[in-house]
Amino acid sequence: MAILIQRAAAIRPSEITDESVYRSRRRFLGRAAMFAAGGLLLDPMTAFGAERQDQPAAEQLNSWDEITGYNNFYEYSPDKRAVAVLAQNLNPHPWTVRIDGEVESPRVIDVDQMLRQFKPQQRIARLRCVEGWSMVIPWDGIALADILQLVRPTSRARYVRFVTLQDPSRFYGQRRATMPWPYTEGLTIAEAMHPLTFMATGIYGKPLPNQNGAPIRLVVPWKYGFKSIKSVVSIRLEEQQPLTTWPQVSRDYGFYANVNPRAPYGRGTQSRETRIGELRKRDTQLFNGYADQVAHLYAGLDLDKNV
Ligand SMILES: Nc1nc2c(c(=O)[nH]1)N[C@H]1C(S)=C(S)[C@@H](COP(=O)(O)O)O[C@H]1N2
Ligand SMILES: [Mo]
């Protein structure tokens with residue numbers, strides 16, 4: 001066993017979690033090799049069942065190529081495999097984010113400067129797109145709450161509005177009115193302050209690739225992926241719920257967009273999903289598996305109506 005764990009760990013020491021050791025061992029060595037190399041004399045099925053029982057909550061990470069080669073970024077193209085190449089023109093330095101609205105000290109933050117002030121931390125999170133696919137991504141990021149503390153929200157701040165850069169000279173897709181530009185998203189203040197909510201600035205310890213929303217994008221792991229708005233230039237605290245992009249595109253989208261396998265959403269049923277890299281579908285989990293951490297935010301709210 002020790003040999004195998006070392007082998008798996010050698011693949012990417014800092015980036016794997018307990019279960020990924022177990023899973024990558026399966027993936028890279030295969031079941032037979034696993035028992036041969038481990039010198040186990042157990043019946044494979046028994047040993048397997050035992051391992052499954054104490055399976056930790058963490059999951060195998062998606063690869064760099066998966067995460068950076070299959071992207072939704074409508075400012076470039078609706079073709080997920082074309083985005084990576086098209087986005088090479090983004091040029092995300094220098095880049096500033098204005099944080100204003102219902103705050104005591106509005107600020108314009110230079111992202112490169114901010115990265116020196118706050119050291120981003122690795123945050124592994126599931127991303128579940130309404131199209132029915134998901135990934136597990138090792139982001140580097142900064143808690144949104146830490147950033148918002150800089151500007152001191154007033155007691156009137158009940159929502160946060162996020163806006164992507166508007167620049168048709170760089171975002172070719174914005175030359176056509178396929179969507180209401182600029183892409184806009186929103187959270188309640190409680191959602192924005194939740195410790196799981198963060199601004200991503202990297203993946204696998206490298207700067208955020210353009211196609212993933214360079215240089216800074218929101219990540220809200222328990223909501224459908226479209227809430228995790230890319231290439232943000234404005235964060236505004238407001239009294240009223242902002243009118244966001246997707247509910248304007250179709251009535252099948254709502255403001256909350258919490259992952260919910262019971263409620264059809266967007267294109268239809270959301271009960272199952274395909275993890276990129278896997279063949280068999282998985283059951284989608286309520287709040288994308290983060291219910292124990294976020295369900296309290298929605299106490300008293302009918303999740304099947306407030307979608
Ligand atoms: N500005 C902007 N942000 C966006 C999108 C977009 O088209 N434009 N697509 C969203 C959707 S639908 C998903 S699933 C995720 C995909 O993020 P990824 O490409 O980093 O996996 O980004 C979200 N953020
Ligand atoms: Mo998505």
Side-chain angles (χ1 to χ4, degrees), residues 61-88 90 92 95 97 123-141 161-168 170-174 176-187 197-204 206-235 242 244-250 252-254 257-259 265-268 270 273-277 284 288:
L61 302 179
N62 280 97
S63 69
W64 173 263
D65 288 349
E66 287 164 342
I67 297 166
T68 64
Y70 191 78
N71 303 97
N72 271 329
F73 204 162
Y74 288 93
E75 284 84 344
Y76 282 108
S77 167
D79 177 350
K80 281 183 271 297
R81 295 185 198 280
V83 167
V85 170
L86 294 173
Q88 290 318 301
L90 180 58
W95 190 280
V97 182
R123 293 159 177 271
I124 296 171
R126 299 180 202 99
L127 178 89
R128 167 64 160 81
C129 175
V130 280
E131 294 165 341
W133 53 267
S134 62
M135 298 201 207
V136 184
I137 303 179
W139 305 99
D140 306 292
R161 173 202 296 267
F162 304 83
V163 183
T164 294
L165 174 72
Q166 166 100 4
D167 181 358
R170 285 188 272 180
F171 285 149
Y172 314 112
Q174 289 179 338
R176 301 176 67 202
T178 48
M179 306 236 287
W181 309 115
Y183 196 104
T184 301
E185 263 309 335
L187 297 173
T197 304
F198 63 97
M199 299 302 293
T201 56
I203 293 174
Y204 274 119
K206 296 180 194 153
L208 197 61
N210 293 353
Q211 59 268 34
N212 294 90
I216 189 163
R217 64 92 60 87
L218 178 69
V219 178
V220 194
W222 70 95
K223 293 176 179 281
Y224 292 116
F226 69 82
K227 296 294 285 185
S228 294
I229 180 174
K230 296 179 170 183
S231 304
V232 169
V233 292
S234 164
I235 300 176
T244 55
T245 296
W246 286 96
Q248 296 180 69
V249 171
S250 160
D252 299 329
Y253 297 90
N258 292 315
V259 174
Y265 197 83
R267 301 175 176 193
Q270 296 293 345
E273 69 194 60
T274 301
R275 179 67 48 82
I276 300 299
T284 288
N288 206 17

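Indexing begins at 1, ligand by ligand and atom by atom, following the structure's order. Positions are given from 1 along the sequence.
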- Message: Please enumerate all residues that pass salt bridge (Lys or Arg N to Asp or Glu O under 4.0 Å) together with R275, with sequence neighbours excluded.
- Response: E59, E273
- Query: To the nearest 0.1 Å, how far is atom 8 (N) of ligand 1 from its closest protein heavy atom, and which atom is that?
  - Reply: E75 OE1, 2.8 Å
- Considering heavy atoms of the protein only, find what lies nearest to atom 17 (O) of ligand 1 and give residue, atom and distance to 0.1 Å. R217 NH2, 3.1 Å
- Item | Single hit among W246, F171, Y183 for ring pair (Phe, Tyr, Trp, His ring centres under 6.0 Å) with Y74 | W246
- Query: How far is atom 7 (O) of ligand 1 from its nearest protein heavy atom, and which residue and atom name does that atom have?
  - Reply: Y74 N, 2.7 Å
- Note on the structure: So the atoms of ligand 1 within less than 4.0 Å of a heavy atom of I229 turn out to be 3 (N), 24 (N)
- Query: Starting from atom 15 (C) of ligand 1, which protein heavy atom do you reach first, and at what distance in Å?
  - Reply: G225 O, 3.6 Å
- Task: If you have a sec, work out which protein heavy atom is nearest atom 24 (N) of ligand 1 and how many Å separate them, to one decimal?
- Result: S228 O, 2.9 Å
- Message: Less than 4.5 Å apart, side chain to side chain, heavy atoms only: is that true for L61 and V136?
- Response: yes
- Item | Lys/Arg N to Asp/Glu carboxylate O, K230 vs E75, below 4.0 Å | no
- Where the closest heavy atom to atom 6 (C) of ligand 1 is concerned, which of Y224, F226, F171, Y183 has it? Y183
- Residues two or more places apart in sequence or in another chain: which of them pass salt bridge (Lys or Arg N to Asp or Glu O under 4.0 Å) with D252? none
- Geometric class of the W133/Y70 ring pair [parallel <30°, tilted 30-60°, perpendicular >60°]: perpendicular
- Note on the structure: Minimal heavy-atom distance between V83 and N71, with the atoms involved, is CG2-O, 3.5 Å
- Output the list of atoms in ligand 1 that are nearer than 4.0 Å to some heavy atom of C129, sorted by atom number. 14 (S)
- Task: Select one of side chain, backbone, both or neither to describe which atoms of L127 lie under 4.0 Å from any atom of ligand 1, heavy atoms only.
- Result: side chain
- Return a yes/no value for W139: is any of its N or O atoms, backbone included, closer than 3.5 angstrom to an N or O of ligand 1? no
- What about Y70: any of its N or O atoms under 3.5 Å from an N or O on ligand 1? no
- Within-4.5 Å side-chain heavy-atom neighbours: F162 and L187: yes
- Query: Do the non-hydrogen side-chain atoms of N62 and L127 ever get within less than 4.5 Å of each other?
  - Reply: no
- Query: N212 to ligand 1: N or O pair under 3.5 Å?
  - Reply: yes
- Per-atom contacts of ligand 1 with T164, taking only distances under 4.0 Å to non-hydrogen atoms: 1 (N)
- Only heavy atoms count here, so choose which of M135, E131, K230 is nearest to atom 4 (C) of ligand 1. K230
- Using the ring of each side chain (for Trp, its six-membered ring), is Y265 parallel, tilted or perpendicular to F226, with breaks at 30° and 60°? parallel
- Where's the contact between N72 and ligand 1, heavy-atom distance under 4.0 Å: side chain, backbone, both or neither? both
